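Input: a single structure, listed below in structure tokens.
Given the structure is predicted, the values throughout are model-derived calculations rather than measurements. Order of the sequence lines fixes the chain letters, A, B, ..., with proteins taken first and strands second; residue numbering starts at 1 for each chain.
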Amino acid sequence: MLSKITVSHAPHIAKSYSTQSIMLDVILALCPAMLAGMWFFRHYAVVLLVACIGSCMLTEWACNWIRRKSNTLDDFSAIVTGILLAMSLPPALPFWAGIIGSVFAIAVGKMVFGGLGCNVFNPAMIGRAFLTASFGTLMTTWTVPAPLDAQMPALRPDSTVAVTQATPLAWSKEAIKGKAEPSVVVAQRGDAFIGRVGGCLGETSALAMLIGGVYLLIRGTISWHIPVSVLLAATICAAIGWLINPDRFVSPEVHILAGGMLMGVFFIATDPVTAPLTGKGMLIFGMGVGALTMLIRMVGEYPEGVMYAVLIMNAFTPLIDRFCKRIPAGGKGNG
Amino acid sequence: MANDAQTLSSAQVVWNGLFKENPIFGLMLGMCPTLAVTTTLQAALTMGGCVIFVLICSNLMISAMRRQLKPHLRILMFTLTIAVFVTIADQFLKAYQPEMSEYLGAYIPLIIVNCLIICRAEACASKQGLRISVIDGLAMGVGFTLSLSLLAGIREILASGKLLGMTVLPLAEDGGWFVPWAGMGFPVGAFVTLGLLLGLVVHLTRKAKG
Amino acid sequence: MANSIRLFVRESWLLIVSSFLFGLLLAVTDAAWSPRIVQNELNKFNKLAAALFGKEGTTFEPIEGISLNSSKGQPIPVDVRKAMLNGQCIGWAFMAEGSGFAGPIRLVVAADAGFEKILGFGTLVCNETPGFGDKIKIRGGFYEKQYQGAPVGPFALTKAGDPAAIDSTIVAITGATVTSDAVVAIFNRYAVAIQTQMKAKGLLSHGQ
């Protein structure tokens, strides 16, 4: 009986958005990056994307079946999780590792909490975190993009031994430790913008991510608060390090263009479920993500910190929401 | 739970300890060692053995002195008794299993604060006779060990491909196919495995109840 | 007064009696097993130290009276042993302790007969992070190897450098700077102090 009445989570906004339309927008916005990934990493990208999306959907269906809940595949959130997870993995990762990550992301990251809308952490990042903890070596083996490497086969399943290369961020970390020159990385920034560098599937091409992000902003699927505040905080932190010691730290624009920063900014940190609800909350959240990312990149041990920064700030989201309460209509207006 | 006036048969006590009121999956007691020492099966078995010993001894002692217990001093007596046997178990491991004792470190002395043991003292031994108390200690201890071993077995196989030093899944680095999931050896592996197993147990018991 | 004593006895006689009995029980088990426990610790020390000298049949004789100054005033005794092989002194081993990233680190350090060069170290207690800090445990590994043949100290830690050079600079393990630093600190605290005291005692005069 109750199932005839749809009860959706607050906030109840009178707009024509549905979970479906938002997720479709996100998928559409991810298309340039997916295409770029397929261009740069050929069959690696295709295999990983298919494995992750497929197993995410299967896991979502299986969890619903076990819990005797109605099917939730049609909200497309599992597809988005699958794409985001695949995009944040190293291209040469074996497909079974992608499947393990996807099952973990959906089952442990989302469905145990009660499905979409109830999860505390971003499912794709949960899956990636588990893979990082489990398969450290595989998760840090980076492949050179196909256009740079004549030996990389075209769309063929039999892969030859992949040529590996340090990512710009791995170089930056070496530079911080005094084992490499930051100028090497800074010279790569043009390549990083287009995507001709090693890195995760979707995060090498800053341009493709930017196109997707701008599309989402124009469509109003995401608000400007989180992207702007993350980028601002990250730029400030990177600039401080760079101004103090340019021999150790790379310049801010490299930090913005390289690694998962842009993907995190537009697609992961803006996840409507795990980010704060109000504009003020989003600004605090975004600044936390930006600052933590840079802290991990510049001071911590890992070369990349977007994943952990987002997960840590996810944990703070309920607290931020508590402090930035939405003032109901007729109140003093909200901040 | 074994209530005051209730008289239980030995078979019931055994059934309760092993399955119906299994310390981990039924009563959810003693979670700290469950999460901490289930990295390898050998550690889990050693821990389980210590808990069985402490449970039987403390249940026996407390059951023997149950008519003399003053209500407001009983927790003190329980802890005193438990602490003595835990110290003995700890010393024994140090003397005869020095490697295991070092591996388990503080978790053996921490059995003192394992709520399973004080729960059995309070719920069973201080109310039941010697025979039932000893059987209860044994059954609860074995139930605890079984659950611990299940968890540790799953984690050890997935984290290293080995079980008690024997290769179960051939590792990729030795020419096999299995790449160990290092994450299962970390605390995250303990929490996730325990959670999934608990979910499975609840699912199955609900199904059994109809 | 008498009443309150009676009340006390009535309420707590069980506690007092059982405390005595339990105490007795613990004393008995301790008496029975403590020699074995001490022997176990000794065995572990000997096994580690013998591995450091790399010679079968090495025996160890404890040396009394070596201690470290501590900030609290009381000198801390150090367990130093003379390594003997076929009646010849082939070197010295001592136990050293300090705090690492995750709790205490206890090392067995071996030095040559003149106490001038370190032969290496083994870890008795080490709970450092698996995959990072616990690399100090690997005998002959990246970190430990830097000490083999190095002068007694003091050592300095560096993040960049040549780990193959055997000198008093130690290259840190990537990702485990705290642990690497802790081991260096342990060496700096113990090695030179022990060397000085042993020279003063005349133990090193003939290298025997």
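Between chain A and the residues B/L196, B/L158, B/V188, B/V192, the largest count of heavy-atom pairs under 4.5 Å involves B/V192. Most heavy-atom pairs under 4.5 Å with chain A: of the set B/G199, B/G189, B/G183, B/G185, this distinction falls to B/G183. Residue with the most contacts toward chain A among B/A159, B/A182, B/G195: B/A182 (heavy-atom pairs, distance under 4.5 Å).
No more than 12 heavy atoms of other residues, nucleotides or ligands shown are found within 6.0 angstrom of CD on B/Q42. Surrounding CZ of A/F316 are at most 12 heavy atoms belonging to other residues, nucleotides or ligands under 6.0 Å away. Applying the 6.0 Å contact sphere to CZ of A/F95 captures no more than 12 heavy atoms from other residues, nucleotides or ligands. Counting heavy-atom neighbours within 6.0 Å of B/Y96 OH, excluding the residue itself, gives a total above 12. The environment of A/F113 atom CZ is dense: over 12 non-hydrogen atoms of other residues, nucleotides or ligands sit within 6.0 angstrom.
Shown here are the ring-ring contact (aromatic ring centres under 6.0 Å, His included) partners of B/F85, two or more places apart in sequence or in another chain: there are none.
There is no contact between A/L131 and chain B, counting heavy-atom distances below 4.5 Å. Of the two parts of B/V179, the backbone and the side chain both hold a non-hydrogen atom closer than 4.5 Å to a non-hydrogen atom of chain A.
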Counting backbone as well as side chains, what donor-acceptor pairs lie under 3.5 Å between chain B and chain A?
from, atom 1, to, atom 2, distance (Å)
B/A182, N, A/S134, O, 3.1
B/G183, N, A/S134, OG, 3.0

